[in-house]
Amino acid sequence: MTSVGIDAVEIHTGKLRLDLAETFAPEMGDAPEKYTKGLGLYASSFPDTYEDIVTMGANAAHRLLKRKGLKPDDIGRIDVATESAFDHSKPVSTYIAGCLEQVFEGDFHHANKGERKFACVAGTQSIDDAYNWIKAGRNRGRAALVIATDTALYARDDPGEATQGAGAVAMLIDEEPNLVELSTEQGYGSADETDFLKPQQQFPSVDGKRSVNVYLARMREALIDYERVGGKIHPDDFRLGPFHTPFPGMVRKAAVLAYRHITRDTEIEEELAEEIGRQPRSEAFDSDEAYLEAISEYTDALKGTDRYQAWYNRTIDPTLTLSRHVGNWYTGSVHVARVSGLKALAEAGEDATGERLLVGSYGSGAQAEIHVETVQENWREEIEALDIDDRLESRYELTFEEYEDVHDAHNYDEESAVEEFTVPESEFAFDGWGRMGERKYRYVE
Ligand code: HMG
């Protein structure tokens, strides 16, 4: 059977940078360590005044198609995943196709375009749609372009303000991919939750602490559901575990719970028993409360073992490096984590061909999805083609006052006359409003 997966990827970061420890924390009256140690974040990316979800997505897609030598006729489908859309009817993918038609010969009239919404999990859902479309044989030899693009802004003074970010990830989904093959097996954890939502409003209403627990509960369900179809997961089966990363501290919490679950009834549990005992079993307790307390004590002890730390440092930590410097990109976040992990392996000179990744996607509201990916032979070439480090390095450093202005500039309810901070060059830029209230874009040479 033909393999289907991610052939290539490009990342576009918002061009402005806010240092959380040095610039943001003092103004909020917080210790810098709340960011660097607690949340695990050093900086957030923000869009300049001429950037938005369309320009970021189009810039990532433009670089991707150019690098792969593709033309519009090679693409049969453009799906955009976003939770920052500005139109209830016309999808962002039409705007992005319009941008790309400014720079490529030909057009995308033959391409099926859409927009996926389910908070941050929509990027992975779009990949799933593309996978199904190709597997069903409806693609006529063409590849799918999936773009996850968001400006993850919170209202000023909302606790979520600490985790903001903005950027886009463009991915080419194709047969016989160069980067990773996707598993047919998937696991889901999905429930009607009201932890994070945007009912007719730009910035989210968030129950932050509860959202953390909902993330953990849905991920657990998805893991169990995956095991029903993919078989029992063993921690050593996977080289990396890229998870949705609203902030690295969230993944730290999820990782230890996942490890506890997948080491239950394994030789690892037995080996650790001498040091921290065996995992509590519910049958041994009179009440749920006593069982949960014992589980929580065991998890704390597990976190402190060398065995767990070694697994975490090898499997999870490399996936968090980029996120520490960009914040939450919502739909793009888990795809940034995948690149971050593979980039670390490439930099270490490791041969990862054939290695497997346990990928955990999540969106508030709420749904988690677990699937497995297998690293393909040409993965290193694809990862080394990225210039994300240079792009992160060349971001404009905001003062706190400038950050306030940028937030206003992207706030639909504020009148703002803020000038741009950087000069657009070889990229798409916002170019004002059209007669029907549409946004217009131009390519700046
Ligand atoms: P908060 O109240 O600002 O922060 O809210 P905190 O007081 O809980 O501190 C954060 C961490 O820093 C804690 O670590 C503190 O202990 C630690 P923890 O105890 O949880 O491990 N800390 C320190 N550490 C060292 N030295 C210090 C220090 N001070 C504090 N001096 C919260 C944090 C995450 C709730 C907030 O930022 C928020 O509401 N964020 C938005 C919601 C969110 O990101 N939720 C995550 C799960 S939901 C999700 O992932 C979906 C999402 O991406 C949306 C979508 O799907 O579309 C958000």
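Read the numbers this way: they start at 1 and go in the same order the structure lists the ligands and their atoms. Quick caveat, the model's predicted, so the values are computed rather than measured.
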*Between Tyr308 and Trp311, what is the ring plane arrangement, given parallel below 30°, perpendicular above 60°, and tilted in between?*
tilted
*Shortest protein heavy-atom distance from atom 36 (C) of ligand 1, along with the residue and atom involved*: Pro159 O, 3.7 Å
_Donor-acceptor under 3.5 Å (Arg67 side chain, Val9 main chain)_ = yes
_Enumerated ligand 1 atoms positioned under 4.0 Å from heavy atoms of Gly208_ = 35 (C), 39 (O)
*May I ask whether Glu161 has any heavy atom positioned less than 4.0 angstrom from an atom of ligand 1?*
no
*Considering distance alone, does some N or O of Lys253 sit under 3.5 Å from an N or O of ligand 1?*
yes
*Below 4.0 angstrom from a heavy atom of His244, which ligand 1 atoms are there? Numbered from 1 as shown, please.*
49 (C), 50 (O), 51 (C), 52 (C), 53 (O)
*Run the numbers for me: atoms of ligand 1, each under 4.0 Å from some heavy atom of Ser364, listed by number.*
48 (S), 49 (C), 51 (C), 52 (C), 54 (C), 55 (C), 56 (O)
_Winner among Gln164, Glu83, Lys209, Lys34 once heavy atoms are compared against atom 3 (O) of ligand 1_ = Lys34
*salt bridge (Lys or Arg N to Asp or Glu O under 4.0 Å) evaluation trace for Asp265 with Arg281*: CA-CA 11 Å; Asp265 294 324; Arg281 287 357 193 220; 2.8 Å; yes
*Which is closest to atom 41 (C) of ligand 1 by heavy-atom distance: Phe118, Tyr154, Tyr35?*
Tyr154
*If the plane angle is over 60° it's perpendicular, under 30° parallel, otherwise tilted; pick one for Tyr154 and Phe196.*
perpendicular
*For ligand 1, indicate whether the residue Met250 contacts it via side chain, backbone, both or neither (heavy-atom separation under 4.0 Å).*
side chain
*Could you tell me how the ring of Tyr95 sits relative to the ring of Tyr441: parallel (under 30°), tilted (30 to 60°) or perpendicular (over 60°)?*
perpendicular
*Name all residues meeting the salt bridge (Lys or Arg N to Asp or Glu O under 4.0 Å) criterion together with Glu271; count only those two or more places apart in sequence or in a different chain, and write none if there are none.*
Arg307
*Numbering the atoms of ligand 1 from 1, which are under 4.0 Å from a heavy atom of Ala31?*
31 (N)
*What atoms of ligand 1 come closer than 4.0 angstrom to any heavy atom of Val206?*
42 (C)
*asked:* If I apply the N/O under 3.5 Å rule, does Asp195 come out as touching ligand 1?
replied: no
*Indicate whether atom 13 (C) of ligand 1 is within a distance of less than 4.0 angstrom of some protein heavy atom.*
no
_Polar contacts were defined as any N/O atom of the residue lying under 3.5 Å from an N/O atom of the ligand; does this apply to Asp158 and ligand 1?_
no
*What part of Val121, side chain, backbone, both or neither, has a heavy atom within less than 4.0 angstrom of ligand 1?*
neither
*asked:* Quiz question for you: does at least one protein heavy atom lie closer than 4.0 Å to atom 30 (C) of ligand 1?
replied: yes
*At what distance is the nearest protein heavy atom to atom 25 (C) of ligand 1, and which residue and atom is it?*
Glu33 O, 3.6 Å
*Under 4.0 Å from any heavy atom of Gly363, which atoms of ligand 1 are there?*
56 (O)
*Could any protein non-hydrogen atom be found less than 4.0 Å from atom 47 (C) of ligand 1?*
yes
*May I ask you to list the atoms of ligand 1 that are less than 4.0 angstrom from any heavy atom of Phe247?*
34 (C), 44 (O), 46 (C)
*Can you name the side chain to side chain contact (heavy atoms under 4.5 Å, CB included) partners of Ala152, sequence neighbours left out?*
Tyr330
*Does some side-chain heavy atom of Tyr35 sit less than 4.5 Å from a side-chain heavy atom of Asp30?*
yes
*asked:* Using the ring centroid of each side chain, check whether Phe243 and Tyr362 are separated by less than 6.0 Å.
replied: no
*Give the residue, atom name and distance (to 0.1 Å) of the protein heavy atom nearest atom 40 (N) of ligand 1.*
Gly160 CA, 3.5 Å
*Please say whether the positively charged group of Arg439, taken as NZ for Lys or CZ for Arg, lies over the ring of Phe86, i.e. under 6.0 angstrom from the six-membered ring centre and within 45 degrees of the axis.*
yes
*Met56 versus Phe428: any side-chain heavy-atom pair under 4.5 Å?*
no
*Enumerate the atoms of ligand 1 whose separation from the nearest heavy atom of Tyr362 is less than 4.0 angstrom.*
48 (S), 49 (C), 50 (O), 51 (C)
*Can you pull out the closest protein heavy atom to atom 55 (C) of ligand 1? Residue, atom name and distance to 0.1 Å, please.*
Cys120 SG, 2.7 Å
*Would you indicate whether Tyr42, at its atom OH, is surrounded by more than 12 heavy atoms from other residues, nucleotides or ligands within a distance under 6.0 Å?*
no
_Contact bool for atom 16 (O) of ligand 1 (protein heavy atom, d < 4.0 Å)_ = no
*Location of contacts on Ser211 toward ligand 1, heavy atoms closer than 4.0 Å*: both
*Over-ring placement of Arg77 relative to Trp133, 6.0 Å and 45° cut-offs*: yes
_With a 6.0 Å cut-off (strictly less than), is the heavy-atom count around CD of Gln309, excluding the residue itself, greater than 12?_
yes
